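Here is the structure we will look at, set down as structure tokens.
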Amino acid sequence: MTLGRLSHDSSPPNIATLVPDGSGVEDRQWTTAFISDLHLLSARSNYSQHMRSVRRAVESADVCVWGGDLFDFCWSCEGDGPTSRRIAVDWLEAWREEFPEKRFVYLTGNHDAQPRFQQSLADWAAPHQRLSAKPNPTGESSPTGEPGLTGDQSTAAITTPRELALYEGAVYVGLDAVRVGDCLMVHGDVIEGGGSHAGLGRYRSRWHHERTGIHEPPAIRNHLYNAAVTARLHLATAGVAHRRKRVCMRLLHWIRSQPDWLGSGVQRIVFGHTHRRMGGFRIAGYEFYNAGAAVKHVPFEPIVLDLSF
């Protein structure tokens, strides 16, 4: 299966609405876990300190949304690109094998937008997807393996919610944002690059490079960044670049530039990327949630919400 828009060009973002599979459970609440910014593979990740909270979140959830930046390929200390990608997919597969009845969704973040990894994700997800006749508005193959549309059909499809059924064992990848009931989930880097999809593609391309040698991780920049983390300079940088109110308003601006169905009726917005935890910060009539990051000196806790369709 070929994943649409691997280059993250100026075509519309991959967005969808998650819906029940018609098995009669539509009226109940769906516990949904959002887990992002683990930055596995890098020296700065302290995932080992948060393994229990991640496990509790996955165990409690009907739907697990991996919210992007789970892995750090450009900073990997675990091997070259192919090795790091294999480790990443094996990590995801271990969760899927342990919980085959759960639904897993992987949102693209700037650190894992690397085209080769996106293709590895698509190959991993393919056996766990049911094909549907529902069109993909990008005109290319979608995360569900669906054929796309072109021309006027594509334009019409963009204004119609693209629905992905939450059948047991479903796995969806390559998405930029998903709607679950009154909640929108997105990595958060969509605010970068001026808020346009072309700008976002340029922003994400900064992290496309990867380690090529088997003995040493990326050298000078890696050591400098490690030193900054040790000195907690990354916290000051995040505090300046990602002030809560400003980030939330930029997210709202991005949502309002998308098809109306994505934001209509949304009351809660869950995102990652900024490494600043939020537990229901209210602004402009919305509640904003952020898990933080599994990075040294940064607060982190998965977001778990009960959502209704």
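One-based numbering along the sequence shown. Here the structure is a predicted model, which is why all the values come from computation and not from measurement.
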When you look at Val171 and Trp124, which way does the side chain to side chain contact (heavy atoms under 4.5 Å, CB included) test go after all the steps? CA-CA 9 Å; Val171 178; Trp124 166 66; 3.6 Å; yes

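- The distance from the CD1 atom of Ile35 to the SG atom of Cys64 is 4.0 Å, given to the nearest 0.5 Å.
- In this structure, the side chains of Phe300 and Gln49 stay at 4.5 Å or more apart for every pair of heavy atoms.
- Taking the side chain as every heavy atom from C-beta outward, Leu184 and Leu262 approach each other to under 4.5 Å.
- Here Leu40 contributes atom CG and Tyr47 contributes atom OH; the two are 6.5 Å apart, rounded to the nearest 0.5 Å.
- Counting only N and O atoms by type, the side chains of Thr32 and Asp62 include no donor and acceptor under 3.5 Å apart.
- Counted by atom type alone, Thr31 and Asp306 present one or more donor-acceptor pairs between their side chains at under 3.5 Å.
- Looking at residues two or more places apart in sequence or on another chain, you find a salt bridge (Lys or Arg N to Asp or Glu O under 4.0 Å) between Asp182 and Arg268.
- Under a 4.0 Å N-O distance rule, the pair Arg86/Glu78 does not qualify as a salt bridge.
- Legend: residues meeting side-chain hydrogen bond (donor to acceptor under 3.5 Å, both in side chains) with Arg277, ordered by chain and number and at least two apart, are absent.
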Test Arg179 against Val266 for side chain to side chain contact (heavy atoms under 4.5 Å, CB included), laying out the working first. CA-CA 8 Å; Arg179 176 80 185 268; Val266 163; 3.4 Å; yes

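- With sequence neighbours excluded, the residues forming a side-chain hydrogen bond (donor to acceptor under 3.5 Å, both in side chains) with Asn110 are His187, His273, listed by chain and number.
- Here Tyr289 pairs with Glu287 under the side-chain hydrogen bond (donor to acceptor under 3.5 Å, both in side chains) rule; sequence neighbours left out.
- Here Trp207 and Phe73 keep their ring centres 6.0 angstrom or further from each other.
- A side-chain donor-acceptor contact under 3.5 Å links Asp80 and Thr83.
- Residues His39 and His275 place their aromatic rings such that the two centres sit under 6.0 Å apart.
- Geometric assessment of Arg103 against the ring of Tyr167 yields a negative cation-pi assignment under the 6.0 Å and 45° thresholds.
- Aromatic pair Phe117/Phe71: centroids less than 6.0 angstrom apart.
- Put simply, the side chain of Asp123 never gets that close to the backbone of Ser120: no donor and acceptor are under 3.5 Å apart.
- Arg85 meets the salt bridge (Lys or Arg N to Asp or Glu O under 4.0 Å) test with Glu210; sequence neighbours excluded.
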Report the C-alpha separation of Leu92 and Leu121 in whole Å, then their side-chain angles, then the decisive distance to 0.1 Å, and conclude whether the side chain to side chain contact (heavy atoms under 4.5 Å, CB included) test is met. CA-CA 9 Å; Leu92 293 167; Leu121 278 179; 3.6 Å; yes

Check step by step if side chain to side chain contact (heavy atoms under 4.5 Å, CB included) holds for Val63 and Leu166. CA-CA 8 Å; Val63 182; Leu166 291 173; 3.8 Å; yes

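- With sequence neighbours excluded, no residue forms a ring-ring contact (aromatic ring centres under 6.0 Å, His included) with Phe281.
- Taking the six-membered ring where tryptophan is involved, the planes of Trp66 and Phe104 are essentially parallel, since the angle between them stays under 30° and well short of 60°.
- Using a 4.5 Å heavy-atom threshold, the side chains of Cys248 and Ile283 count as touching.
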Apply salt bridge (charged side-chain N to carboxylate O under 4.0 Å, His left out) to residues Glu93 and Arg96 and explain how you reach the verdict. CA-CA 5 Å; Glu93 176 62 11; Arg96 194 206 62 78; 2.8 Å; yes

